[in-house]
Q: 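Structure in C-alpha cells, see below.
Lettering of chains follows the sequences in order, A, B, ..., and the numbering in each one begins at 1.
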Amino acid sequence: MTKRTKEILNRLDTAYGTDFICYLNHDNAWQLLIAVILSAQCTDARVNIVTKDLFVKYDTLQKFADADIAELEQDIHSTGFYRNKARNIILCARRLIEEFQGEVPSDLSDLTSLAGVGRKTANVIRGNIYNDPSIVVDTHVKRISKRLGFTKESDPEKAEYDLMKVLPKDHWILYNMQIITLGREICTARNPKCGECFLSDLCQAEDKKC
DNA sequence: AACTCGGGGCA
DNA sequence: TGCCCAGAGTT
C-alpha cells in the first residue's frame with residue numbers, strides 16, 4: 001500500500017470512525033434484502049421512508065410471498081421501477097421460503113440467482129448480514145474510486161477488484177462504507193463539496209471544483 | 001454494448 | 001419543465 005493510500009484510509013477513519021454503518025433500515029436479513037432491492041436506482045433516504053410503513057404492513061416474509069402485486073406496486077411506487085421491483089420481491093420471498101427455508105442465502109451465486117438481486121445487492125447482503133469480505137460497488141464507489149485514482153476504468157467489476165487490491169482485507173467492508181459515506185455527504189456526483197473535503201489535497205479528479 | 005424498466009429532487 | 005440521480009435484466 002502506498003503512503004498516499006494509507007493517508008487516505010487514515011483520514012476516512014478519522015472522519016467516519018470505525019463503527020459499521022448501514023443506511024437502509026431493517027430488523028433482519030429478509031428486510032434488508034427487500035430494502036436493497038428497492039434501492040436500485042433510488043436513494044436510500046426514499047427507501048427508508050417507504051420501508052417504514054412497508055415492514056409494518058408486511059411484517060413477515062410470507063406476507064410478501066402472498067402479496068397482491070397491484071397493491072404492492074402502489075406500496076413501493078415512489079421508489080421507481082415499481083412493477084419490476086414488486087414482481088421481484090414476491091418472487092424472491094417465495095423462493096426464500098421454498099428453497100432456502102425462509103433464510104437469506106449467503107452464497108454469492110445463490111443471492112444473484114434471486115429475482116432483482118444483482119452484484120451490488122448481493123454484496124450489500126454479504127457485508128451486512130454475513131460479514132463476508134466483498135466490495136459493494138455502487139455509483140458512489142465507482143465515482144470516488146475514480147476520483148481518488150484507485151481505478152481508471154468505468155467498468156464496475158474493475159473498480160471492485162482495484163479496490164480489493166487497495167483496501168486492507170480485514171477492513172474491506174468498513175472502508176467500503178466510509179467511501180460510500182464520503183460520496184453521500186461530500187464527494188457527490190454533482191457539485192461536490194471540495195471545500196469541506198478532508199481528501200481534497202490528495203484528490204486526482206479531473207472534474208473537481210476545489 | 002445497448003436497451004428497458006419510473007419516479008423524486010432540484011434548478 | 002427539463003435534467004440528473006440511483007441497478008438489474010434481457011437481447
Q: Does the pair A/Asp59/A/Lys63 count as a salt bridge with the N-to-O cut at 4.0 Å?
A: yes
Q: Hey, which sits more toward the 5' end of DNA chain B by its nearest nucleotide, A/Ile49 or A/Arg83?
A: A/Arg83
Q: To the nearest angstrom, how far is A/Asn191 atom CG from B/dA11 atom P?
A: 9 Å
Q: Could you tell me whether a side-chain N or O of A/Asn176 sits under 3.5 Å from a main-chain N or O of A/Ile135, the two making a donor and an acceptor?
A: no
Q: Compute the centroid of each ring, for A/Tyr16 and then for A/Phe198, and state whether the two points are separated by less than 6.0 Å.
A: yes
Q: With a 4.5 Å limit on heavy-atom distance, are the side chains of A/Tyr23 and A/Thr181 in contact?
A: yes
Q: Tell me which residues in residues 172-187 of chain A put a heavy atom below 4.0 Å from DNA chain C, sorted by number, or none.
A: none
Q: Closer than 4.0 angstrom, basic N to acidic O: yes or no for A/Glu160 and A/Arg119?
A: yes
Q: To the nearest angstrom, how far is A/Glu73 atom CD from B/dG6 atom P?
A: 9 Å
Q: Write down the distance between CG (A/Asp44) and P (B/dG8), rounded to a whole number of angstrom.
A: 17 Å
Q: Please step through side chain to side chain contact (heavy atoms under 4.5 Å, CB included) for the pair A/Phe20 and A/Asn131, ending with a clear verdict.
A: CA-CA 11 Å; A/Phe20 185 82; A/Asn131 207 34; over 6 Å; no
Q: Within less than 4.0 Å of OP1 or OP2 of B/dG7, is there a side-chain N or O belonging to A/His77?
A: yes
Q: Measure the distance from CD1 on A/Ile69 to P on B/dC5 and round it to the nearest whole Å.
A: 16 Å
Q: Does B/dC5 have its OP1 or OP2 closer than 4.0 Å to a side-chain nitrogen or oxygen of A/Tyr82?
A: no
Q: Whole angstrom is fine here: how far is it from CD1 in A/Ile76 over to P in B/dC5?
A: 16 Å
Q: Does any N or O in the side chain of A/Arg126 come within less than 3.5 Å of the main-chain N or O of A/Thr121, such that one atom is a donor and the other an acceptor?
A: no
Q: Taking C-beta and beyond as the side chain, do A/Leu202 and A/Arg11 meet within less than 4.5 Å on heavy atoms?
A: yes
Q: How would nucleotides 4-11 of chain C be written as a contact map, 5' to 3', with B for base contact, S for sugar-phosphate-only contact and - for no contact, using protein heavy atoms under 4.0 Å?
A: SSBBSS--
Q: Do A/Gln178 side-chain atoms and A/Gly17 backbone N/O form a donor-acceptor pair below 3.5 Å?
A: yes
Q: Send over the distance from A/Leu38 CG to B/dG6 P, rounded to a whole Å.
A: 14 Å
